[in-house]
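Worth saying up front: this structure is predicted, and the values here are computed from it rather than measured. Just follow the structure's listing: the first ligand is 1, and inside any ligand the first atom is 1.
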Amino acid sequence: MNAPLTDAQGNEVLKQHLIDPEICIRCYTCEATCPIQAIEHDDNNVVVDYSKCNLCLDCIPVCPTGSIDEWRFVETPYSLEDQYSWMEMPEQAQISAGSSTTGDDGALDDPIASLLAEAHKGAGGKAKAPATATKATVNMYNLGNPVEAVVQGNYRLTDDGADVDVRHIVLDFQGKPFPVLEGQSVGIIAPGMNAEGNPHLPRLYSVSSPRDGERPGFHNVSLTVKREDDGVCSNYLCDLTTGDKVRVTGPFGATFLLPTDPDARLLMICTGTGSAPMRAFTMARQRTVGDKNGGMVMFFGARTPDSLPYFGPLNKVPPSLLSKHLVFSRMPGQDKEYVQDRMLVEQDQVAEILQDPKTHVYICGLKGMEDGVERAFTSIAESFGQQWLNLRDMMRDEGRYHVETY
Ligand code: A2P
C-alpha cells in the first residue's frame, strides 16, 4: 500500500472518482456494472459514493462516452448531494504537493495511474467536443420531469424478410423546446414497472435526424431502433403507432458532435443502429455544405443489404459528398466481412483522410468492433510512419476522435 498522499501542510489528499454530468448520457450502465453499488442516480445525475468506491474500475471500460473517467484530488470528498446538484464538473482545486510527491514538478503523484491505464485499454476514454461544435444543451428533461412527445411515424427500415427489425421513429415535441444536436442521444421511458416493481429507467437512443428536424424547420427528432429479443424499451418503441405519446428525457451528450467548420472532413465507422448519428451528420452536412465535396468517408457494417438501415437513402447520397463502403457479414456464399477488414482494403483512402488535420473520426455501434478498428488504424498509421496511439490521443485531445459503443 502506498503512503497516503499529503499536501504541503501535511493534510491527507484523496483521489475521488466522479462522473461528468455534461458528457454523461444517463444510460446507467456504470451503475448496473458496479459490483458494490457505489454508483447511484437521482432524477438529475449519476454519482459515485466516495465511501463505497473501492477503485475496482469495472465501470470505466463500459461507459460509452468517457464521462465516467473524472478524477479530482480533494482534501474532503464531494458528497452525493454536491454531485447531484452539478450541471458541470468543478475545477480541480489548487493543492500544493507535500512530501509524498515524487514528481520533479511538485505535482501530486497519481496513485492509480497504472490501474487507470489498464482500464483505458481500447478505443474509449475521455472525449472532447470538436472545437467548432455548437454548444450542446444537456439534461433539459430528466427522470422527474420528462417531456411528452407524440409519434409522427414509425417505419420499418429493414426488409420484411430480413432477420433484424430496425425502425425509423419520428417524434414531435408539439412546440415544446427540445434543442438537440446531431450526435446527441435521448432517453425513452417505457411505461410500466420492471421485475423489481420499480419504474423503468430511460433507455438511450442516438438521434438520427439533423438539429433542425427531419424536414428543415420542423424540429422533430428521429430515432433508429432495433427490436431486441426481450428488450422492454425497444419492443415498446418498435410497436408504437402514429399519435402515441412517449416520455422522453435529455438531450444528452456533449462531445460526440459535428464540427460546424464546413471544411472539416469526417471519417465515420459504424455498425447496425450505430448508423443513427452518421445519418444525422450526413443530412446536416447536405443541408449546410450542399453537394460540394464534403470530404466524408463512411464504413458501415451490417449483416446483409436488406438489414442495413437506410440502405436506399444512403445510396442516393452523391459520392462527392460521401464515399460509402457498405460491408456485409452474412452474404450467402461470401466470406464474412467487417468494417475493419474493409478499412484495410481501402488503406490508402483511410491513410489520406487520417493525415488531414481537418479530419474528425466517429465510431459508433457494437463495442466488439473497437478492438478490430483499433488494429486496422494501427496498421494504417504505420503505413505513413505514425504510431496510432499517439495520433489517436492527439486527435482526441483536439476534439477530433469520437467513440460511442455499447
Ligand atoms: P455478424 O454477422 O458477425 O453478427 P447487428 O446486425 O447484430 O446489429 O450487427 C451489425 C454488424 O456488425 C453485423 O454485420 C455484425 O456481424 C457486425 N459485427 C459483429 N461483431 C463485430 C465486430 N467485432 N467487429 C465488427 N463488426 C462486427
Enquirer: For atom NZ of Lys245, is the number of surrounding heavy atoms from other residues, nucleotides or ligands below 6.0 Å larger than 12?
Expert: no

Enquirer: Are Tyr205 and Ile169 side-chain neighbours, meaning at least one heavy-atom pair lies under 4.5 Å?
Expert: no

Enquirer: Taking the ring centre of each residue, are Tyr78 and Tyr50 less than 6.0 Å apart?
Expert: no

Enquirer: Of all the atoms in ligand 1, which lie at a distance below 4.0 Å from a heavy atom belonging to Gly368?
Expert: 22 (C), 23 (N)

Enquirer: Is Ala302 in polar range of ligand 1, meaning some N or O pair under 3.5 Å apart?
Expert: yes

Enquirer: Name the one of Val147, Ile188, Val150 that satisfies side chain to side chain contact (heavy atoms under 4.5 Å, CB included) with Leu171?
Expert: Ile188

Enquirer: Could you tell me whether Asp335 atom CG has more than 12 heavy atoms of other residues or ligands within 6.0 Å of it?
Expert: no

Enquirer: Give the atom numbers and elements of ligand 1 that come within less than 4.0 Å of a heavy atom of Lys226.
Expert: 5 (P), 7 (O), 8 (O)

Enquirer: Looking only at protein heavy atoms, which one is nearest to atom 7 (O) of ligand 1, and how far off is it?
Expert: Arg303 NH2, 3.0 Å

Enquirer: What protein heavy atom sits nearest atom 13 (C) of ligand 1, and how far off is it?
Expert: Ser329 OG, 3.6 Å

Enquirer: Does only the side chain of Arg330 get under 4.0 Å from ligand 1, or the backbone, or both, or neither? Count heavy atoms.
Expert: side chain

Enquirer: Could you tell me whether Leu366 approaches ligand 1 through its side chain, its backbone, both or neither, with non-hydrogen atoms closer than 4.0 Å?
Expert: side chain

Enquirer: For residues Thr255 and His402, report the shortest heavy-atom separation together with the two atoms involved.
Expert: O-ND1, 3.2 Å

Enquirer: Indicate yes or no: at least one non-hydrogen side-chain atom of Arg400 is less than 4.5 angstrom from one of Val361.
Expert: no

Enquirer: Among Pro309, Gly274, Gly301, which one puts a heavy atom closest to atom 11 (C) of ligand 1?
Expert: Gly301

Enquirer: Is Ser307 touching ligand 1 with its side chain, its backbone, both, or neither, if touching means heavy atoms under 4.0 Å apart?
Expert: neither

Enquirer: For the CD atom on Gln92, are there more than 12 heavy atoms of other groups (residues, nucleotides or ligands in this structure) within a distance under 6.0 Å?
Expert: yes

Enquirer: Using heavy-atom distances only, which candidate in Gln340, Lys336, Glu370 approaches atom 3 (O) of ligand 1 most closely?
Expert: Lys336

Enquirer: Nearest non-hydrogen contact with atom 17 (C) of ligand 1 belongs to which option: Phe299, Phe300, Tyr338?
Expert: Tyr338

